[in-house]
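Letters go in sequence order (proteins before strands), and every chain restarts at 1. The model shown is predicted, which means the values in this text are computed figures rather than measured ones.
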There are 2 protein chains.
Amino acid sequence: MDELDRAIIGALVEDARSTYAEIGGQVGLSAPAVKRRVDRLVQTGAITGFTARVEPSALGWTTEAYVELFCQGKTSPSAIALAVAGLPEVVSACTVTGEADALLHIRATDVRHVEQVIERIAAEPFVVRTKSAIVLTRLITPRPA
Amino acid sequence: MDELDRAIIGALVEDARSTYAEIGGQVGLSAPAVKRRVDRLVQTGAITGFTARVEPSALGWTTEAYVELFCQGKTSPSAIALAVAGLPEVVSACTVTGEADALLHIRATDVRHVEQVIERIAAEPFVVRTKSAIVLTRLITPRPA
DNA sequence: AGTGAAACCTTAATGGC
DNA sequence: GCCATTAAGGTTTCACT
């Protein structure tokens, strides 16, 4: 993992459909050399895949929210993971330090939809209470890496 | 934007390097038909690009945090955007309802690094105080769409 | 309008240097 | 890591529904 690898990753994050020759031109390598490095980066797990960047509003997901979860003391992270894994609206979830035990990122069609998802999560027996913040305006769009 | 478009987008989110023929096999269309729809989806902005999914830890970004920003009453969203746009550690930022004015998602090399970034943000004149939560374990990895 | 099939052209993938 | 060859996928055009 050297400076060239980071440059190649940067190019792929910018546009995953770039040809190996194009990337090679940017970083100063030939196409086969780039391919070997990309294969190695995928093999070692530095690159976990290639995905399309989608405009959520185009699919009708116009509302997003962040929800803090306050759980019972004995609640395990895996229990929380299990509870939210089935909900497609939960885009991201993690346990955190501080007052809250977990923080969820939710994408939904509208505020009413957000409310429904929160209700379903709050129905979990280990959830003591939730505290949510609806996103007003996005300043920086979430970017990979 | 019909059910076929959504299926194609789903396939591309799964793997942006799928061939048009492979996607066609999944959704029941020929390769050229898939390409035409993909081109249209890119043209209309439903698909904003293709990117590599990167494992942050492979690049040394092992620590992430969420930071709530409490600002002065007269602070505009654009002022916050301007202040954080220059920081590469800020992966995502948005204004939210509730007590806090904005919520930032930060990726850094370690806890000390997170602290430095927060200090820089707190130094902005419009920032009254910050409240941060360090991520302990990630339950659901942020996914596009 | 949108699709399916075929021709053409570009790019990916391999082996050798 | 670079160069050349072979195979595969992308791109365009045309006929059809």
Side-chain angles (χ1 to χ4, degrees), chain A residues 1-62 88 91 107 109 141-145, chain B residues 1-62 88 109 141-145:
Chain A
M1 170 68 63
D2 57 0
E3 203 50 52
L4 264 63
D5 285 328
R6 266 183 281 273
I8 290 170
I9 288 175
L12 283 172
V13 169
E14 280 292 317
D15 182 10
R17 294 217 146 177
S18 302
T19 66
Y20 292 128
E22 282 172 354
I23 299 170
Q26 292 176 33
V27 304
L29 260 72
S30 73
V34 173
K35 177 190 160 34
R36 270 197 294 273
R37 281 175 177 263
V38 171
D39 286 344
R40 186 169 52 75
L41 288 168
V42 171
Q43 189 67 31
T44 58
I47 296 175
T48 57
F50 299 93
T51 182
R53 214 182 296 119
V54 177
E55 181 61 41
S57 61
L59 285 88
W61 304 98
T62 57
V91 175
R107 239 188 250 284
T109 54
T141 56
R143 55 181 166 187
Chain B
M1 170 68 65
D2 57 359
E3 204 51 53
L4 264 63
D5 286 327
R6 266 183 282 273
I8 290 170
I9 288 175
L12 283 173
V13 168
E14 280 294 315
D15 181 10
R17 294 219 147 179
S18 302
T19 66
Y20 291 129
E22 283 171 355
I23 298 171
Q26 293 175 33
V27 304
L29 262 72
S30 71
V34 173
K35 178 189 158 37
R36 273 194 293 271
R37 281 174 178 266
V38 172
D39 287 346
R40 186 169 51 78
L41 289 168
V42 171
Q43 189 66 32
T44 57
I47 296 175
T48 57
F50 299 93
T51 183
R53 216 182 293 119
V54 177
E55 181 60 42
S57 61
L59 286 86
W61 305 97
T62 57
T109 53
T141 56
R143 56 182 165 185

_For A:D5 and A:R40: C-alpha separation, side-chain torsions, deciding distance, then whether side chain to side chain contact (heavy atoms under 4.5 Å, CB included) applies._
CA-CA 10 Å; A:D5 285 328; A:R40 186 169 52 75; 3.1 Å; yes
*Stepwise, does the side chain to side chain contact (heavy atoms under 4.5 Å, CB included) test hold for A:L41 with A:M1?*
CA-CA 8 Å; A:L41 288 168; A:M1 170 68 63; 3.9 Å; yes
*Check the pair A:L29, A:R37 against side chain to side chain contact (heavy atoms under 4.5 Å, CB included), reporting the backbone distance first and the verdict last.*
CA-CA 10 Å; A:L29 260 72; A:R37 281 175 177 263; 3.7 Å; yes
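Listed nucleotides: D:dC3, C:dA6, D:dG1. Nearest to the side chain of A:R36: D:dG1. Across C:dT3, D:dG10, D:dA4, the shortest atom-to-atom separation from the side chain of A:P32 is found for D:dA4. Checking D:dG1, D:dG10, C:dG4 against the side-chain heavy atoms of A:R37 singles out D:dG1 as nearest.
Using a 4.0 Å cut-off, some side-chain N or O of A:K35 falls inside it from OP1 or OP2 of C:dA13.
Here CG of B:L4 is found 11.0 Å from CD1 of B:I9. Values are rounded to the nearest 0.5 Å. The CZ atom of A:R53 sits 8.0 Å away from the CG atom of A:D15 when rounded to the nearest 0.5 Å.
Atom CG of B:L29 is separated from atom P of D:dT17 by 18 Å (rounded to the nearest Å). Taking atom CG of B:L12 as the reference point, atom C1' of D:dG10 lies 14 Å away to the nearest angstrom. A:E22 has its CD atom 13 Å from the C1' atom of D:dG10, to the nearest Å. At whole-Å resolution of the value, OH in A:Y20 and P in D:dA4 are 21 Å apart. Rounded to whole Å, the distance from CG on B:L4 to C1' on C:dG2 is 11 Å. The distance between atom CD1 of A:I23 and atom C1' of C:dA13, rounded to the nearest whole Å, is 15 Å.
Formation of a donor-acceptor pair under 3.5 Å by the B:T62 side chain with backbone atoms of B:T109 is found in this model.
Of the residues near DNA chain D, A:R17 and A:S30, the one whose nearest nucleotide (by heavy atom distance) lies more toward the 5' end is A:S30.
A heavy-atom distance below 4.5 Å is not found between the side chains of B:T51 and A:F50.
Where DNA chain C pairs in unbroken runs of 3 or more (Watson-Crick or G-U, both distances under 3.5 Å), the stems are C:1-7 with D:11-17, C:9-17 with D:1-9.
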